[in-house]
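Right, one structure below, let's go through it.
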Number of protein chains: 2
Amino acid sequence: MATIKEVAQHAGVSVATVSRVVNKSGYVSVSLEERVRTAMRELNYKPSALARSLRRQVTQTIGVLVPQLDQPFFSTLAFAIEKTLFGQDYRALVCSSEESREKEDAYIDILLRQRVDGVVLAPTGHNTENIHRLVDGGVPVVIVDRNLPHVPVNRVLTTNYQGAWSGARHLIELGHCRIALIGSAPHSEAMNHRLEGARQALIEAGCPPPDDMVVVNTLPEFEHSYQSARRLLDRPPEKRPTAIFALNDVMAMGVYHAASELGLTLPDDLSVVGFDDIPAARYIVPGLTTVAQPIYQMGEAAALTLIRHIQDDSLPLETIELETRLVVRGSTAPMEPHR
Amino acid sequence: MATIKEVAQHAGVSVATVSRVVNKSGYVSVSLEERVRTAMRELNYKPSALARSLRRQVTQTIGVLVPQLDQPFFSTLAFAIEKTLFGQDYRALVCSSEESREKEDAYIDILLRQRVDGVVLAPTGHNTENIHRLVDGGVPVVIVDRNLPHVPVNRVLTTNYQGAWSGARHLIELGHCRIALIGSAPHSEAMNHRLEGARQALIEAGCPPPDDMVVVNTLPEFEHSYQSARRLLDRPPEKRPTAIFALNDVMAMGVYHAASELGLTLPDDLSVVGFDDIPAARYIVPGLTTVAQPIYQMGEAAALTLIRHIQDDSLPLETIELETRLVVRGSTAPMEPHR
DNA sequence: GCCAATAAAGTAATCGTTTTCATTATAGTA
DNA sequence: TACTATAATGAAAACGATTACTTTATTGGC
């Protein structure tokens, strides 16, 4: 791969002149500019981002660290971030920690070594020490989706509590009272807020969920939720919940699956509400009523906030809270009178 | 962020010694090593990957360029690649071309400038010129999922033709004959092979699909497929297909949706087969019968092949073909006798 | 006790850019 | 005409590592 030196030689000028042409900086006569441009073309010259970054002390690269790239919520988020960054002439180094503390730590180390200009982080929540390593290294950080207390970083969050409250409220208004909650990941603040919001709405309505109607799994995945739903639904009708609020959409799919296996039809025999509004929520039959997070806007806001803070390090830290919104589809229906 | 020079000063040694400690290369006495290590710890030293890459002329970074990061197939693929690379001490620069030729071109340019050691590419198929730019730049490439003729690169493909053949065959064996096909993206070789394979199976069985039973949309997405399925199914029963083979799972979801809107129940009124086996294929109700691609293995094979070719540039080009496999779930059933 | 390995450390060149500084030519101004 | 901006270029010093070369001690074999 040709270097700037070779281009300079080939055009019969100094490297400084080539650099000026490449960066459109300083003075360079039209005749020389022309010669340099043809030389670049002939040698198929691509300036080395490495050398440039080393000299300029900026990399135009952002670390994007999510817990699970193969989960719809996070892949959509990563996509939105990547797309926004591209428009602002930044690159994304996408990393997936697989909910593992070790891998998250390892990746943060790598991002520091790569001298990324900033990091968008959906933390596993296992610890905050590694985030301090970034902050101490002078790297601007914005955390997204999951909040972590006591770290001096920017935040893009959604109204998890209120969203869950309105999801539960929706079921109440449809006449349901025997409502089960399926949550997960005790170390995720977002999940905890959702649980609290939903529980609060039920308490307010005079339908406080007994302990056997609230399950909190270790992982927010299909399989766990499916198993939980089987246990919840495999009871005599008068003890069975008439509605289940799964605190993310993938878990709601687990409920669909369990219901179908037990011969229950949605929404007649069971109403289901999810959280997130991943694409599949619309695809599935019946369409999933869910508390939508504005995933795309979250990614966009995170990327733009980060860039703003990179370009002006005197900016005070920001917390952006985006609204969740209840999207009613076919998976919820009024409680049937005879129950 | 501390530099090697500062560490050297702080430890009272030369930079060469620090470098030797960092890389465990050459000789260094235990006493000095100890001093260097504490200096590194005290200054929170992280070697600059930029400077190292510049000097060593390798970046340990791989470009991963997919058409749509927010599509389940590609996010799972990217995840698998990223995970495999991490295990081999490589980083992934993940890029999403959004099926756009311009963005694909722009990203290839960026990858060249970033001096990535190699590229895994699921091409949009719009052109091959940009791939030649990579090859000419001496960058090892492996293309995955979609094939492109006449480019000297490695390939990881699946048996699209045979897979589609067996998917169609499955429907034939269940007694179906009025079978519609929904495909897309005329510029994707994978899709074309699937179409051919499916059509061939139908022809062999004496059920050649008439033109109005084969639709090829511009994009392989839910919405397009949903619209197509509406048109296919909104006919009198005797002209309506008894089965639809959608050539990817997301499109199969579109069929589910259309069927449900028209009051048809799966699999009694309509059998549906998909292609890919994305996670949602298992989640959805009824479970989607589909031709599974080994997505994870594809990503793994692509990453490992690439690394092998990076580490030994005398290796001949490889084409790896992985087997697709029919996974029968609840969306297909024998043709009811009365039809 | 001498010589050749080997161990241990440092000096300085190098990777490919950008950018400061210096130098010269040219044009504009008093 | 002399002087000062400004235009146009190049030389050379960074940026932060790695590594080829030196140099000096230390050890072991004879």
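By convention in this document, chain letters (A, B, ...) are assigned in the order of the sequence lines, proteins followed by strands, and residues within each chain are numbered from 1. If you're wondering where the values come from, they're calculated on a predicted model, not measured in any experiment.
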For B:Lys46 and D:dA17, what is the distance between atoms NZ and P respectively, to the nearest whole Å?
-> 12 Å
Looking at every strand, decide which applies to B:Arg115 at a 4.0 Å heavy-atom threshold: base, sugar-phosphate, or nothing.
-> sugar-phosphate
Does A:Gln57 put a side-chain nitrogen or oxygen below 4.0 Å from OP1 or OP2 of D:dA14?
-> no
What is the distance from CE of A:Met40 to P of C:dG16, rounded to the nearest Å?
-> 17 Å
Could you check B:Leu32 against B:Ala51 and say which one's nearest nucleotide on DNA chain C is further toward the 5' end?
-> B:Leu32
Quick one: do the A:Thr305 and A:Glu318 side chains pair a donor with an acceptor below 3.5 Å?
-> no
More 5' along DNA chain C: B:Ser14 or A:Arg56, using each one's nearest nucleotide?
-> B:Ser14
Looking for any heavy atom pair under 4.0 Å, which part of the strands does A:Val13 touch: base, sugar-phosphate only, or nothing?
-> sugar-phosphate
For A:Ile4 and C:dT19, what is the distance between atoms CD1 and P respectively, to the nearest whole Å?
-> 11 Å
Between A:Thr3 and C:dC15, is there a side-chain N or O to OP1/OP2 distance below 4.0 Å?
-> no
Can you check whether A:Ser25 has a side-chain N or O nearer than 4.0 Å to OP1 or OP2 of C:dT18?
-> no
Do the side chains of A:Leu69 and A:Val94 get nearer than 4.5 Å, heavy atoms only?
-> yes
Select one nucleotide: of D:dT9, D:dG16, C:dA8, the one nearest the side-chain heavy atoms of B:Ser29.
-> C:dA8
Looking only at N and O atoms, is any donor in the side chain of B:Arg55 or the base of D:dT18 less than 3.5 Å from an acceptor on the other one?
-> yes
Grab the CD-C1' distance between B:Glu6 and D:dC15 for me, whole Å please.
-> 12 Å
Assess whether side chain to side chain donor-acceptor pair (under 3.5 Å) is satisfied between B:Gln293 and B:Thr158, documenting all intermediate values.
-> CA-CA 7 Å; B:Gln293 299 204 74; B:Thr158 54; 2.6 Å; yes
Residue pair A:Asp117 / A:Thr59, side-chain donor-acceptor N/O under 3.5 Å = yes
Considering only D:dA17, D:dT9, C:dT18, which nucleotide approaches the side chain of B:Tyr45 most closely?
-> D:dA17
Using a distance-only test with no angle check, is there a side-chain donor-acceptor pair under 3.5 angstrom linking B:Glu104 and B:Thr124?
-> yes
When you check the phosphate oxygens OP1 and OP2 of D:dG10, does a side-chain N or O of A:Thr17 lie under 4.0 Å from one of them?
-> yes
Would you say the base of D:dG10 and the side-chain of A:Arg20 have a donor-acceptor pair closer than 3.5 Å?
-> yes
Please give, in whole Å, the distance from C:dT19 C1' to A:Lys24 NZ?
-> 18 Å
From CG of B:Asn23 across to C1' of D:dG16 the rounded distance in Å is 13 Å
Length of the line joining A:Glu33:CD and D:dT9:P, which is rounded to integer Å | 10 Å
Between C:dT18 atom P and A:Gln60 atom CD, what is the distance in whole Å?
-> 13 Å
